[in-house]
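Both backbone and side-chain heavy atoms feed into the values below; hydrogens, waters and symmetry mates do not. Chain A is the first sequence line, chain B the second, and so forth, proteins listed ahead of strands; every chain is numbered from 1.
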Amino acid sequence: MMAKRESNFINMLVTLFAVTFIASASLGLVNEFTRDAIKNANAKAQEKAIASVLPNFDKLGKSLKILPKDGPDSLELFPAYDARGNEVGTAVKTYTNKGFSGHFTVMVGFKPDGTISGYEVLQHQETPGLGSKMGQWFRNKDKPKQDIIGKNPGKVNFHVSKDGGDIDAITAATISSRAFLDAVRRAYNTWKNESDATIGSTTKKDDQTKGGNS
Amino acid sequence: MKNFTKGFLKENPVFVLLLGMCPTLGVTSSAINGMGMGLATTFVLVMANFVVSLVKSGIPDKVRIPSFIVIIATFVTIVQLTMQAYLPSLYESLGLFIPLIVVNCIVLGRAEAFASKNTVWSSIVDGLGMGLGFTFALTLLGAVREFLGSGKVFGLTIYPEHYGSLIFVLAPGAFIALGYLIAIINKLKKA
């Protein structure tokens with residue numbers, strides 16, 4: 001066995017340089033290999049979420065990122081169209097920072113009239129068995145007080161009933177429920193502002209598509 | 001062989017050495033999370049032990065710890081990227097705890113206490129034994145908590161969920177379950 005190298009300045013410098021150099025080189029290599037796969041996995045998860053929250057659609061429009069009035073990060077809107085170019089709904093990737101463990105993201109689908117067509121919790125760290133139930137809790141057809149599917153956040157009070165709202169919170173997970181509804185409200189407000197602002201231009205866009213088809 | 005088996009019972013990192021408590025308590029809310037975390041740590045342990053024992057004579061004593069940490073961090077990042085690419089759902093549920101393997105005392109502890117003094121082969125075996133012991137402990141703890149908390153083991157329902165006591169899914173339940181498991185292991189060791 002080799003004798004231990006002495007701890008003099010040059011030796012230490014060379015060793016640390018070599019160690020960090022090899023480490024960064026190998027990480028760069030691994031990153032090369034996994035980058036596409038990670039991108040695909042994320043894109044696939046997103047596509048699946050969009051498809052599951054919206055009614056059947058034929059193609060997705062260009063997504064747009066909008067900074068909401070009531071939050072620090074932007075939301076992503078994915079408008080979806082049927083074969084004839086009519087809007088069937090918009091999926092909104094929204095978030096909240098008020099969860100029991102902070103940040104989580106939700107995909108919410110809105111029909112053109114503002115009713116919720118579906119939702120999917122994307123990433124969360126909420127307590128398993130409590131807050132993590134939000135994936136199923138708010139889509140229970142047998143319990144209309146907790147079901148949000150088919151409701152319009154512009155007409156129904158999207159707060160938990162404890163706070164005077166119309167939605168029943170998850171048992172023993174009021175904080176997660178509040179955060180979830182916070183995310184949905186943010187999605188609705190952003191989507192509403194956006195669609196109100198583009199009503200004028202939608203008619204124009206319809207003309208263009210018609211022109212393109214003929 | 002002794003290097004391999006000691007990780008399971010005699011020197012089990014969780015139940016006997018009480019190392020790596022942070023991920024132990026944090027991720028074991030279900031059996032599958034515990035197992036995923038354990039296997040990720042095992043990979044890092046084996047690889048770090050292997051590399052450390054390989055380069056041990058080339059590293060001056062005074063920069064030993066920073067070098068080990070860089071080596072460990074490299075393997076952790078490899079695990080993280082690979083998991084993100086090919087096991088996205090597990091990656092999501094383990095979340096923050098994957099990068100935290102870097103500062104897991106077991107990994108640095110084995111590099112420092114074992115791999116830097118022993119041959120390459122016995123270091124690999126030690127890493128594997130310790131890692132699987134850790135996996136075993138985390139899976140057991142996760143299974144116990146999942147069973148008591150939500151009536152499931154590995155996601156399979158054993159009894160209806162509302163009979164479960166939520167405390168076992170939450171942090172206090174982790175302490176209680178771990179305490180009893182350590183007591184049982186101690187009893188078994190003495191017998």
What one should report as the nearest heavy-atom pair of A/Phe33 and B/Tyr86 is O-OH, 4.3 Å
Under 4.5 Å heavy-atom distance to chain A, tell me which part of B/Phe75 shows up: side chain, backbone, both or neither.
neither
Between the NZ atom in B/Lys62 and the CG atom in A/Asn8, the distance rounded to the nearest 0.5 Å is 9.5 Å
Using a cut-off of under 4.5 Å on heavy-atom pairs, state which of A/Asp36, A/Leu122, A/Thr15 scores highest against chain B.
A/Thr15
So which of B/Val55, B/Val51, B/Leu81 has the biggest tally of heavy-atom pairs under 4.5 Å with chain A?
B/Leu81
Under 4.5 Å to a heavy atom of chain B? For A/Ala37 that would be both
Quick one: what part of A/Thr34 sits under 4.5 Å from any heavy atom of chain B, side chain, backbone, both or neither?
both
Neighbour count >12 (heavy atoms, 6.0 Å) for atom OH, A/Tyr188:
yes
Between CD1 on residue B/Ile78 and CG on residue A/Leu29, distance to nearest 0.5 Å
9.0 Å
I need the residue from B/Thr82, B/Thr77, B/Thr119 with the largest number of non-hydrogen atom pairs under 4.5 Å to chain A.
B/Thr77
Does a sphere of radius 6.0 Å around NZ in A/Lys145 hold more than 12 heavy atoms from other residues, nucleotides or ligands, not counting ones at 6.0 Å or beyond?
yes
Taking all non-hydrogen atoms of both residues into account, name the closest pair between B/Ala85 and A/Ala41 and its distance.
O-CB, 4.0 Å
Between B/Ala171, B/Ser67, B/Ala73, the one whose heavy-atom pairs under 4.5 Å with chain A are most numerous:
B/Ser67
